[in-house]
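None of the values given here were measured: they were computed from a predicted structure.
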Amino acid sequence: STKCLPILVVKDSAYGVIDSQVVPNKGTKHPYPASMLAKAIERRGLPNIILRSDQEPSIVELKRAAAVDLREKFGLYVQPEESKVGDSKANGFIERAVWDVEGMIRTLVSQAAALHNTKIETTDDILTWAVRYAGQIITRARRSAEDGMTAYERMKGHPYRRALPVWSELVLYMTVRPEQTKQRREKLEERYLCGVFLGLHERSDSVVIGTSEGCKVANVMKRLPENQRGDATLLRAVRGTPWKMTPTAQATAEDATALP
């Protein structure tokens, strides 16, 4: 069940990139939140990092764990900092990001409900992916009124150009390694499978696909004809979360930290 699980939102002041994730618990009881936070910071490529939050004990504990992760795995040093109680300027920066994420989640869920003619419940695994994709699409598509650029463009130096399906849309997918020959790929054409588009793999820009057997990272994706993009049964059957992509498999330490 994903009901009432906390959401972690991270936004940097240099580019405005937003990472948003449902996490299995507050603090460090599960390894995923600290790993997710550390990877989100490392991807920015910033040399000097002040990690600011409010004074809630669970988030302070989480920041400390992420700082250790960053130092040990990436050689990055982070300075944790807590805003003062009632500091509206400091808190307003991230509160606006939270509002933006919440608004985008509502939009994505509403679009999915209309596309598949069904209701997405708070207990559905797929809702965790709506939260994750909200930050991804805001970063890639929302332009600032100040400079006309997206956060992705400010960080990468160029706009995001890939055409993406609607979140939750049914697509055809196949995991094909880039080194495979054209002839080999053609032989694999018949092995395309149908799944639900859930978002992006941050490092490779591969796509995350949802199925009844779990969630998978795919290198190749094709859109279906417009009248075949919705199916309530397939949507509601999706299982798996960002911290446990294959729910039937035995959990390992790697499962909690594998998805960038």
Side-chain angles (χ1 to χ4, degrees), residues 5-98 100-101 131-132 134-136 138-140 142 144 146-147 149-158 160 199-206 217 242-244 252-260:
L5 291 178
I7 295 176
L8 180 63
V9 177
V10 183
K11 183 177 181 180
D12 67 82
S13 58
Y15 309 121
V17 171
I18 292 177
D19 285 270
S20 53
Q21 296 265 13
V22 172
V23 292
N25 53 253
K26 291 184 176 182
T28 58
K29 293 180 181 179
H30 193 284
Y32 181 75
S35 175
M36 173 264 166
L37 178 56
K39 288 178 179 178
I41 294 170
E42 186 272 335
R43 280 197 303 270
R44 265 70 168 181
L46 298 170
N48 300 305
I49 303 159
I50 297 174
L51 189 53
R52 183 174 295 159
S53 71
D54 60 23
Q55 299 183 32
E56 182 180 343
S58 61
I59 196 67
V60 172
E61 177 189 27
L62 178 61
K63 289 193 304 178
R64 289 172 179 166
V68 171
D69 209 16
L70 285 162
R71 185 173 63 251
E72 293 179 349
K73 294 182 178 179
F74 306 109
L76 294 176
Y77 288 83
V78 174
Q79 178 183 338
E81 184 177 290
E82 288 74 53
S83 59
K84 298 178 181 178
V85 176
D87 187 345
S88 58
K89 183 177 180 180
N91 295 334
F93 176 78
I94 192 61
E95 285 175 357
R96 177 56 191 269
V98 171
D100 288 344
V101 167
V131 175
R132 186 172 187 271
Q136 291 181 331
I138 290 171
T139 293
R140 287 161 173 77
R142 183 168 294 177
S144 168
E146 296 178 0
D147 60 11
M149 300 173 70
T150 65
Y152 181 94
E153 189 173 356
R154 281 191 292 272
M155 182 172 68
K156 298 288 188 179
H158 59 81
Y160 188 79
L200 301 167
H201 185 286
E202 287 288 1
R203 288 200 180 278
S204 67
D205 205 42
S206 299
V217 176
W243 60 89
K244 191 165 176 40
T252 66
E254 287 75 17
D255 289 337
T257 60
L259 186 65

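- Remark: Arg140 fails to qualify as a cation-pi partner of Tyr152 under the 6.0 Å distance and 45° angle criteria applied to the six-membered ring.
- The local environment of CD in Gln55 is crowded, with over 12 non-hydrogen atoms from other residues, nucleotides or ligands closer than 6.0 Å.
- Side-chain N/O atoms of Ser58 and Glu56 include a donor and acceptor closer than 3.5 Å.
- The side-chain heavy atoms of Ile59 and Lys26, taken from C-beta on, include no pair separated by under 4.5 Å.
- What you find for Gly135 and Ser20 is that their closest heavy atoms are N-OG, 3.0 Å.
- A donor-acceptor contact closer than 3.5 angstrom is absent between the side chains of Asn48 and Tyr77.
- Distance CG/Leu76 to CD/Glu42: 6.5 Å, rounded to 0.5 Å.
- What you find for Trp243 and Val22 is that their closest heavy atoms are CZ3-O, 3.2 Å.
- No donor-acceptor distance shorter than 3.5 angstrom exists from the side chain of Ser35 to the backbone of Pro31, with no hydrogens or angles considered.
- Counting all heavy atoms, side chain and backbone alike, Leu37 lies closest to Ala66 at CD2-CB, 3.6 Å.
- Here the shortest heavy-atom pairing between Lys63 and Leu51 reads NZ-O, 3.2 Å.
- If you check the side chains of Tyr32 and Gln21, you find a donor sitting under 3.5 Å from an acceptor.
- The minimum heavy-atom distance between Val10 and Met36, with the atom names listed, is CG2-CE, 4.4 Å.
- The CD1 atom of Ile50 sits 5.0 Å away from atom CD of Gln79, with the distance rounded to the nearest 0.5 Å.
- Paired with Val17 under the rule side-chain contact (heavy atoms from CB on, under 4.5 Å), one option of Arg43, Lys11, Met155, Gln136 passes, and it is Met155.
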> So Ser144 and Arg154, side chain to side chain contact (heavy atoms under 4.5 Å, CB included) or not? Walk me through it.
Replying inline: CA-CA 10 Å; Ser144 168; Arg154 281 191 292 272; 3.7 Å; yes
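- The minimum heavy-atom distance between Ile41 and Ile49, with the atom names listed, is CG2-CD1, 3.4 Å.
- Side-chain contact between Arg142 and Asp100: present, with at least one pair of heavy atoms (C-beta onward) separated by less than 4.5 Å.
- Residues Glu72 and Val68 form a side-chain contact, since some pair of their non-hydrogen atoms from C-beta on lies under 4.5 Å apart.
- For the atom pair CZ (Arg96) and CD1 (Ile18), the distance works out to 9.0 Å, reported to the nearest 0.5 Å.
- Counting heavy atoms from C-beta on, the side chains of Tyr160 and Asp205 come closer than 4.5 Å.
- A heavy-atom distance below 4.5 Å is found between the side chains of Pro24 and Pro33.
- Side-chain contact check for Pro242 versus Arg132: some heavy-atom pair is nearer than 4.5 Å.
- You'll find the side chain of Val23 stays beyond 4.5 Å of the side chain of Ile7, heavy atoms only.
- By the salt bridge (charged side-chain N to carboxylate O under 4.0 Å, His left out) test, Arg44 is found to be paired with Asp12, Asp19, residues two or more places apart in sequence or in another chain being considered.
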